[in-house]
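Some notes on the structure that comes next.
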Amino acid sequence: MSPTWALALHGGAGAIAERAYKAEEEHMAALLDQGAAMLARGVSALDVVTEMACELEASGLHVAGKGAAPNAAGVVELDASVMDGATRAAGAVAALQGFISPVRVARGVMEKTSHVLLAGPGACAFARDQGFDRVDDPKTYYVAAESGLPGAGTIGAVALDANGKLAAATSTGGLHGKMPGRVGDTPIIGAGCWADERAAVSCTGIGEYFMRVNAAADVSARIAYAGQSLEQASAAVIDDVRRLGGYGGLIAVDVKGNVTAPFASQGMKRGLASSAGLREVKTF
Ligand code: ASP
């Protein structure tokens with residue numbers, strides 16, 4: 001029997017109906033096929049989500065990595081996180097300045113320190129010491145991808161690998177014109193990113209709401225405590241965000257290989273694939 005695997009990617013929940021997302025969808029389709037092939041040949045969920053998130057950051061098509069926009073002071077500050085479901089190891093960076101791949105630095109925090117989250121100058125010092133690739137000139141490197149609604153151009157990846165292990169990664173430039181030092185849900189383990197032995201989740205949307213409903217971890221909690229399916233749990237969490245007045249979406253996979261991507265917004269750039277034959281790239 002061929003192994004069960006599942007993969008979901010997102011490029012943010014800020015897509016608007018007035019705009020076409022052809023370049024984003026083409027890039028996501030190619031990436032989805034690449035990630036699916038990696039999972040089919042036994043690459044770990046953790047390596048696949050890191051690689052997928054890194055490519056989405058580098059694409060400049062979403063508000064993360066190269067596509068990030070400056071804050072109100074004209075400075076690009078980036079947030080990212082990664083979590084390994086099997087061990088619950090996690091790493092994150094907040095308000096990171098000047099590095100090409102915040103998600104790789106987050107993975108470094110997870111693997112090279114005894115901490116989960118490094119912020120601001122401390123995160124930069126760590127990234128520098130570890131030799132992560134730097135942005136030479138922020139003025140020419142960042143392209144400020146226009147995603148649609150303000151913010152909501154975060155990227156994320158979640159995966160179940162052939163060994164039954166789950167992982168999640170999320171990365172963002174945050175909200176356009178945000179206050180200097182503002183940190184959203186993306187690097188907050190449990191809010192914008194979560195993986196355990198039940199599910200892996202990555203969120204996008206107005207981070208303040210996702211933090212207040214502890215969105216990503218609540219998907220798994222609902223499965224564990226309320227006996228909900230992945231689809232029910234994920235939809236209920238997005239309903240909570242909507243009830244508070246927020247918008248956004250999430251991607252989630254569970255240990256059985258189910259995949260879901262609910263959103264309360266006009267659209268969410270997403271790609272879903274599984275060993276059961278699912279292959280879907282959509283924005284609306
Ligand atoms: N969740 C992100 C934040 O609030 C924004 C996004 O999803 O684009 O920083």
Side-chain angles (χ1 to χ4, degrees), residues 8-16 19 21 24 28 53 56-57 59-72 75-82 92-97 102-103 106 117 119-120 123 142-158 168-194 201-219 234 237-238 240-242 244-252 261-270 283:
L9 310 175
H10 75 73
I16 45 169
R19 224 204 95 168
Y21 291 89
E24 289 87 342
M28 192 164 289
L56 287 163
E57 286 175 338
S59 72
L61 294 168
H62 313 283
V63 187
K66 188 172 176 59
N71 65 18
V75 178
V76 174
E77 291 188 332
L78 305 179
D79 302 334
S81 56
V82 63
V93 287
L96 178 74
Q97 292 180 21
V103 78
L117 172 61
Y142 294 111
V143 296
E146 189 36 74
S147 193
L149 293 177
T154 292
I155 64 91
V158 293
T170 311
S171 179
T172 193
L175 303 182
H176 285 234
K178 65 189 179 183
M179 286 176 71
R182 179 269 185 186
V183 173
D185 61 317
T186 300
I188 306 301
I189 297 300
C193 183
W194 181 259
V201 184
S202 171
C203 301
T204 168
I206 304 298
E208 282 69 11
Y209 294 94
F210 285 79
M211 290 155 94
R212 289 158 63 201
V213 307
N214 198 35
D218 198 40
V219 171
S234 301
V237 165
I238 293 304
D240 267 357
V241 168
R242 190 189 349 230
L244 289 183
Y247 66 80
L250 62 81
I251 51 170
F263 54 92
S265 57
Q266 286 185 33
M268 178 171 76
K269 295 170 272 175
R270 61 198 185 278
T283 300

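Numbering of ligands and ligand atoms starts at 1, following listing order.
Taking a cut-off of under 4.0 Å to the non-hydrogen atoms of Thr154, the atoms of ligand 1 that pass are 1 (N), 2 (C), 5 (C), 6 (C), 7 (O), 8 (O). Within the listing of ligand 1, atoms 6 (C), 8 (O) sit less than 4.0 angstrom from a heavy atom of Gly153. Against a heavy-atom cut-off of under 4.0 Å, Asp185 is close to the following atoms of ligand 1: 1 (N), 2 (C), 3 (C), 4 (O). Atoms of ligand 1 found under 4.0 Å from any heavy atom of Gly205, numbered from 1 in the order shown, are 1 (N), 2 (C), 3 (C), 4 (O), 5 (C), 6 (C), 7 (O). Interface of Gly174 with ligand 1, defined as ligand atoms under 4.0 Å from a residue heavy atom, comprises 9 (O).
Judged by distance alone, with hydrogens and angles left aside, the side-chain atoms of Lys269 form no donor-acceptor pair with the main-chain N or O of Gly153 at under 3.5 Å.
Here the straight-line distance linking atom OG1 of Thr204 with atom NE2 of His10 works out to 5.5 Å at 0.5 Å rounding.
Polar contact with ligand 1: present for Arg182 (N/O pair, distance under 3.5 Å).
Salt bridge Arg270/Glu24: absent, no basic N to carboxylate O contact under 4.0 Å.
Applying the side-chain contact (heavy atoms from CB on, under 4.5 Å) rule to Ala119 yields the partners Ala94; only residues at least two apart in sequence or on another chain are considered.
No side-chain donor-acceptor contact under 3.5 Å links His62 and Thr154.
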